[in-house]
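In this text the structure is predicted, and so the values were computed from the model without any measurement. Values below: every heavy atom of this structure, side chains too, minus hydrogens, waters and symmetry copies.
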Amino acid sequence: MSQAHSLTLRFLAEPAHVNFGGKVHGGAVMKWIDQAGYAAAASWSGDYCVTAYVGGIRFVQPINVGELVEVRALIIRTGKTSMDVAVDIYAGDPKTRTHRRCCHCVMVFVAIDPEGKPKPVPRWTPVTPVDQALEQYAARLSEVRKTLDLEIEARLKWLDQQPPEVMERQ
Ligand SMILES: CC(C)(COP(=O)(O)OP(=O)(O)OC[C@H]1O[C@@H](n2cnc3c(N)ncnc32)[C@H](O)[C@@H]1OP(=O)(O)O)[C@@H](O)C(=O)NCCC(=O)NCCS
């Protein structure tokens with residue numbers, strides 16, 4: 001199998017994926033995102049990878065049982081050992097071959113060597129103007145993440161300092 005920077009999983013949404021509202025469960029969607037993202041990252045790097053970050057998952061539209069689901073994962077930026085992977089989920093009626101975007105997110109995977117340490121990955125060089133725009137999008141998200149991470153760390157530190165009886169009431 002040759003090295004590719006994109007990968008698509010296709011399958012039907014099954015009754016087992018449904019939530020109490022009759023639509024596909026958010027947890028099932030998150031599992032598909034992780035599986036496609038991992039497959040794209042492992043395929044690009046040629047190594048085992050771990051999820052370093054997943055956030056900002058945007059559930060745009062619900063998915064119905066019986067719809068054909070396409071989970072597209074695309075390497076949009078590489079660092080030294082990390083890969084930013086955009087994952088988009090589309091769904092539609094297989095009979096009409098139409099589909100709509102249902103979910104979007106950008107995840108970060110890190111390649112891992114046999115000793116469990118981060119390992120350098122092949123560089124992804126954007127080719128088209130769309131590739132370049134997506135790489136800039138990933139860089140911008142990374143900047144936003146740094147600010148958010150600082151705020152989350154400060155909040156966790158503050159929560160850890162609260163007396164247990166105060167936390168039990170939250
Ligand atoms: C991800 C992990 C390997 C990073 O290890 P680390 O000791 O922090 O390694 P480094 O500081 O050298 O960072 C390695 C890369 O990860 C990136 N990274 C680490 N934490 C990150 C985060 N929260 N968000 C985005 N990228 C992150 C770094 O930017 C770096 O990228 P680069 O080499 O391209 O510049 C480690 O935190 C880990 O094992 N986390 C748990 C992963 C896991 O259990 N995932 C769920 C199941 S797969």
Asker: Is it true that Leu74 and Val130 fall in one hydrophobic cluster, defined by side-chain heavy atoms closer than 4.5 Å?
Answerer: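 Yes, Leu74 connects to Val130 through the hydrophobic network.
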Asker: If every non-hydrogen atom of Pro62 is compared with every non-hydrogen atom of Cys102, which pair is closest and at what distance?
Answerer: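 In terms of heavy atoms, the two residues are closest at O-SG, 4.0 Å.
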Asker: Please lay out, stage by stage, how Val54 and Phe109 fare under the test side-chain contact (heavy atoms from CB on, under 4.5 Å).
Answerer: CA-CA 9 Å; Val54 54; Phe109 285 88; over 6 Å; no
Asker: Check Arg72, Arg58, Arg101 against Asp88 for a salt bridge (charged side-chain N to carboxylate O under 4.0 Å, His left out) and give me the one that passes.
Answerer: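 Of the listed options, the one satisfying the test is Arg101.
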Asker: Write down the atom of Val121, the atom of Ser82, and the distance for their closest heavy-atom approach.
Answerer: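 Of all heavy-atom pairs spanning Val121 and Ser82, the closest is CG2-O, 3.8 Å.
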Asker: Assess, by modelled atom type and distance only, whether the side chains of Ser142 and Asp84 contain a donor and an acceptor separated by less than 3.5 Å.
Answerer: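 Absent: no donor and acceptor within the cut-off.
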Asker: As an exercise, state the distance from CD1 of Ile112 to CG of Asp47, rounded to the nearest 0.5 Å.
Answerer: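 With rounding to 0.5 Å, CD1 (Ile112) is 9.0 Å from CG (Asp47).
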Asker: With a 4.5 Å cut-off on side-chain heavy atoms, are Trp44 and Val85 touching?
Answerer: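 No, side chains not in contact.
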Asker: Given the rule that I, L, V, M, F, W and Y join up when any side-chain heavy atoms are under 4.5 Å apart, are Val18 and Ile63 in one cluster?
Answerer: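 No; Ile63 is not reachable from Val18 via cluster members.
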Asker: What heavy-atom pair brings Ile89 and Val69 nearest, and what distance separates the two atoms?
Answerer: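 Closest pair (atom of Ile89, atom of Val69, distance): CG2-CG1, 3.8 Å.
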Asker: Can the ring centroids of Trp32 and Phe11 be said to lie less than 6.0 angstrom from one another?
Answerer: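 Yes, close enough.
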Asker: Looking at Arg77 and Glu135, does any basic side-chain N land under 4.0 Å from a carboxylate oxygen?
Answerer: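 Salt bridge absent between Arg77 and Glu135.
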Asker: Would Tyr137 and Ile57 show up in the same hydrophobic cluster when neighbours are defined by side-chain heavy atoms closer than 4.5 Å?
Answerer: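 Tyr137 does not cluster with Ile57.
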Asker: With rounding to the nearest 0.5 angstrom, report the CD1 to CG distance, Ile33 to Leu9.
Answerer: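 Reported to 0.5 Å precision, the distance equals 11.5 Å.
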Asker: Whether the side chain of Asp149 engages the backbone of Lys146 through a donor-acceptor N/O pair (distance < 3.5 Å, no angle test) should be reported.
Answerer: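 No.
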Asker: Would you say Leu141 ends up clustered with Ile76 if hydrophobic residues are merged whenever their side chains have heavy atoms under 4.5 Å apart, either directly or through other cluster members?
Answerer: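 Looking at the clustering, Leu141 is in the same group as Ile76.
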Asker: Supply the atom-to-atom distance His5 NE2 to Thr125 OG1, rounded to the nearest 0.5 angstrom.
Answerer: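 Reported to 0.5 Å precision, the distance equals 11.0 Å.
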Asker: Salt bridge check, Glu143 against Arg140: does any charged N sit closer than 4.0 Å to a carboxylate O?
Answerer: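 Result for this pair is no, no salt bridge flagged.
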Asker: Say whether, by atom type as modelled, one donor and one acceptor occur between the side chain of Thr78 and the main chain of Trp124 under 3.5 angstrom.
Answerer: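 Yes, the answer is positive, given that a donor and an acceptor are paired below the 3.5 Å cut-off.
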Asker: State, to 0.1 Å, how close Asn64 and Ala13 come at their nearest heavy-atom pair, and which atoms those are.
Answerer: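 In terms of heavy atoms, the two residues are closest at O-CB, 3.5 Å.
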Asker: If you define the side chain from C-beta out and look only at heavy atoms, does anything of Leu12 sit under 4.5 Å from Pro94?
Answerer: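 When only atoms from C-beta onward are counted, Pro94 and Leu12 do touch, with a gap below 4.5 Å.
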Asker: Please indicate whether His25 has more than 12 foreign heavy atoms, meaning atoms of other residues, nucleotides or ligands, lying under 6.0 Å from its NE2.
Answerer: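 Atom NE2 in His25 is not crowded, with 12 or fewer foreign heavy atoms closer than 6.0 Å.
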Asker: Counting distance only, does the side-chain N/O of Arg10 pair as donor-acceptor with the main-chain N or O of Val71 below 3.5 Å?
Answerer: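 Here the side-chain-to-backbone pair does not exist.
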Asker: Give me the atom names and distance for the closest heavy-atom approach of Met107 to Val87.
Answerer: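 Heavy atoms of Met107 and Val87 come nearest at SD-CG2, 4.0 Å.
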Asker: Ignoring hydrogens and geometry, is there a side-chain-to-backbone donor-acceptor pair from Gln162 to Trp158 under 3.5 Å?
Answerer: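 Yes, Gln162 side chain to Trp158 backbone: donor-acceptor pair under 3.5 Å.
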Asker: In Å and rounded to the nearest 0.5 Å, what is the OH to OH distance from Tyr48 to Tyr38?
Answerer: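 OH of Tyr38 is found 6.0 Å from OH of Tyr48.
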Asker: At what distance, to the nearest 0.5 angstrom, does CG of Leu159 lie from CD1 of Ile152?
Answerer: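 Spacing of CG (Leu159) from CD1 (Ile152) equals 11.5 Å.
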Asker: Going hydrophobic residue to hydrophobic residue with side-chain gaps under 4.5 angstrom, can you get from Val106 over to Leu7?
Answerer: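 No; tracing contacts between hydrophobic side chains, which count when under 4.5 Å, never links both residues.
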Asker: Measuring from Leu150:CG to Arg155:CZ, what's the distance to the nearest 0.5 Å?
Answerer: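 Leu150 CG to Arg155 CZ: 14.0 Å, rounded to 0.5 Å.
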Asker: Going by heavy atoms in the side chains, are Glu67 and Tyr90 under 4.5 Å from each other?
Answerer: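 In short, these two side chains do not touch, never coming nearer than 4.5 Å.
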Asker: Which heavy atom of Val24 sits nearest to which heavy atom of Ala28, and what is that distance?
Answerer: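 In terms of heavy atoms, the two residues are closest at CG1-CB, 4.1 Å.
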